[in-house]
Enquirer: 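Dumping the structure here so I can ask a few things about it.
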Amino acid sequence: MATNRTFTMIKPDAVENNSIGGILKMINEAGFRIVAMKYTKLSAEAAGTFYEIHKERPFYGELVNYMSSGPIVAAILEKNNAVADFRTLIGATDPTKADEGTIRKIYAKSIAANAVHGSDSDENAQIEGDFYFSKLERF
Ligand code: IDP
Ligand code: MG
C-alpha cells in the first residue's frame with residue numbers, strides 16, 4: 001500500500017548556502033503539500049539516533065558529524081505516491097549521478113553533503129516524521 005506522506009530534511013550544506021527557499025519552491029511546484037515543518041538543529045546524539053539504520057556503514061561517523069554541524073529544516077510532505085515521487089525529485093545520493101533537474105543535481109555539494117534527505121519507504125517515513133513532530137504539529 002503506497003501511503004501519501006514522506007519525510008524530508010534540508011541538510012546543513014543547503015541551509016548554509018541559503019537554498020531553503022529554492023528547495024521548498026521545487027517541492028511545492030512538484031505538487032507536495034507541507035503537513036509539518038521545523039527549523040532546528042540536531043545534537044550529535046539525535047543525529048546518531050536518526051541515522052541508527054546506517055550504524056554499520058563506513059560513513060556513519062562522518063554523517064552524524066555533518067548532520068549535527070548546523071541547522072536543518074525538517075518537514076512532512078503529502079502527495080499521492082509521496083515516497084517514490086520524492087525520491088525521483090531529489091535524485092541519486094551522489095549528486096554527480098543525479099538526473100538533471102533534480103534537487104541534488106542543482107543544490108548538493110557532495111555525496112555526504114547532498115542537500116536533502118528523503119525517506120526510502122512508507123515505514124521509515126512514518127518513523128522519521130514521528131522523530132520530529134507531535135500530532136499537534138501536523139496540519
Ligand atoms: P539516501 O540519502 O539517498 O537515501 P543513503 O544510502 O540512505 O542515501 O545514505 C544516507 C546519507 O548518508 C546520504 O544522504 C549521505 O548524506 C550520506 N552518505 C551516503 N553514502 C555516503 C558515502 O559514501 N560517503 C559519505 N556519506 C555518504
Ligand atoms: Mg536513505
Enquirer: When you measure from the side chain of R5 to the backbone N and O of A82, does any donor-acceptor pair fall under 3.5 Å?
Expert: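 Here the side-chain-to-backbone pair does not exist.
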
Enquirer: How far does OG of S19 sit from CG of D13, to the nearest 0.5 angstrom?
Expert: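 Reported value, rounded in 0.5 Å steps: 8.0 Å.
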
Enquirer: Assigning hydrophobic clusters by single linkage (Ile, Leu, Val, Met, Phe, Trp, Tyr; side-chain heavy-atom cutoff under 4.5 Å), is M9 placed with L89?
Expert: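 No; L89 is not reachable from M9 via cluster members.
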
Enquirer: More than 12 heavy atoms of other residues, nucleotides or ligands under 6.0 Å from NZ of K38: is that the case?
Expert: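 Correct, the count exceeds 12.
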
Enquirer: List, one per line, each side-chain donor-acceptor pair under 3.5 Å for residues 20-28, sequence neighbours excluded.
Expert:
residue	atom	partner	partner atom	Å
K25	NZ	E29	OE2	3.0
N28	ND2	F32	O	3.1

Enquirer: How many angstroms lie between OG1 in T102 and CD1 in I90, if you round to the nearest 0.5 Å?
Expert: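 Answer for the OG1-CD1 pair, T102 versus I90, is 8.5 Å.
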
Enquirer: State whether the number of non-hydrogen atoms from other residues, nucleotides or ligands found under 6.0 Å of E52 atom CD is greater than 12.
Expert: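 Atom CD in E52 is crowded, with more than 12 foreign heavy atoms closer than 6.0 Å.
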
Enquirer: Within this structure, what is the CD1-CD1 distance for the pair I34 and I76, rounded to the nearest 0.5 Å?
Expert: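 Going from the CD1 atom of I34 to the CD1 atom of I76 covers 11.5 Å.
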
Enquirer: Is F86 reachable from I10 through a run of hydrophobic residues whose side-chain heavy atoms are each under 4.5 Å from the next?
Expert: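 Linked, I10 and F86 end up in one cluster.
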
Enquirer: Using every non-hydrogen atom in the two residues, find where A36 and E137 come nearest and quote the distance to one decimal.
Expert: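 Heavy-atom minimum between the residues: CB-O, 3.3 Å.
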
Enquirer: Check whether any side-chain heavy atom of M37 lies under 4.5 Å from a side-chain heavy atom of V73, and answer yes or no.
Expert: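 They are in side-chain contact.
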
Enquirer: Would you mind listing every ring-ring contact (aromatic ring centres under 6.0 Å, His included) that reaches into residues 119-139, with sequence neighbours excluded?
Expert: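 Sorted pair list: F7-Y132, F50-F131.
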
Enquirer: With the side chain counted from C-beta on, respond yes when I72 and T40 share a heavy-atom pair under 4.5 Å apart, and no when they do not.
Expert: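 I72 vs T40: side chains touch.
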
Enquirer: Measure the spacing between CG of D120 and CD1 of I53 and express it to the nearest 0.5 Å.
Expert: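 It is 6.0 Å, given to the nearest 0.5 Å.
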
Enquirer: Find the distance between CZ (R57) and NZ (K55) and round it off to the nearest 0.5 Å.
Expert: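 R57 CZ to K55 NZ: 14.0 Å, rounded to 0.5 Å.
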
Enquirer: So, T8 side chain and H117 main chain: donor-acceptor pair closer than 3.5 Å or not?
Expert: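 Side chain of T8 to backbone of H117, a donor-acceptor pair under 3.5 Å: yes, one is there.
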
Enquirer: Is there a chain of hydrophobic side chains (I, L, V, M, F, W, Y, each step under 4.5 Å between heavy atoms) that links V83 to I127?
Expert: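 Not linked; separate clusters.
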
Enquirer: Within a reach of under 6.0 Å around CD of E16, are more than 12 heavy atoms found that belong to other residues, nucleotides or ligands?
Expert: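 Open: at most 12 neighbouring heavy atoms sit under 6.0 Å from CD of E16.
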
Enquirer: Is there a path of hydrophobic side-chain contacts, each under 4.5 Å between heavy atoms of I, L, V, M, F, W or Y residues, that connects Y39 with L77?
Expert: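 Result: yes, single cluster for both.
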
Enquirer: Show me the donor-acceptor pairs, under 3.5 Å and distance only, between side chains in residues 106-115 and residues at least two apart or in other chains.
Expert:
residue	atom	partner	partner atom	Å
S110	OG	A112	N	3.4
S110	OG	A113	N	3.0
N114	OD1	K11	NZ	2.7
N114	ND2	T93	O	3.2
N114	ND2	I111	O	3.4

Enquirer: Testing the basics here: between S119 and T6, what is the closest heavy-atom pair and its distance to 0.1 Å?
Expert: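 So the minimum-distance heavy-atom pair works out to CB-OG1, 3.5 Å.
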
Enquirer: Considering all heavy atoms of both residues, which atom of P12 and which atom of M67 are nearest to each other, and what is their separation?
Expert: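 Heavy atoms only, the tightest pair is CD-SD, 3.9 Å.
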
Enquirer: Starting at OH of Y51, measure out to CZ of F59 and round the result to the nearest 0.5 Å.
Expert: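 CZ of F59 is found 9.5 Å from OH of Y51.
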
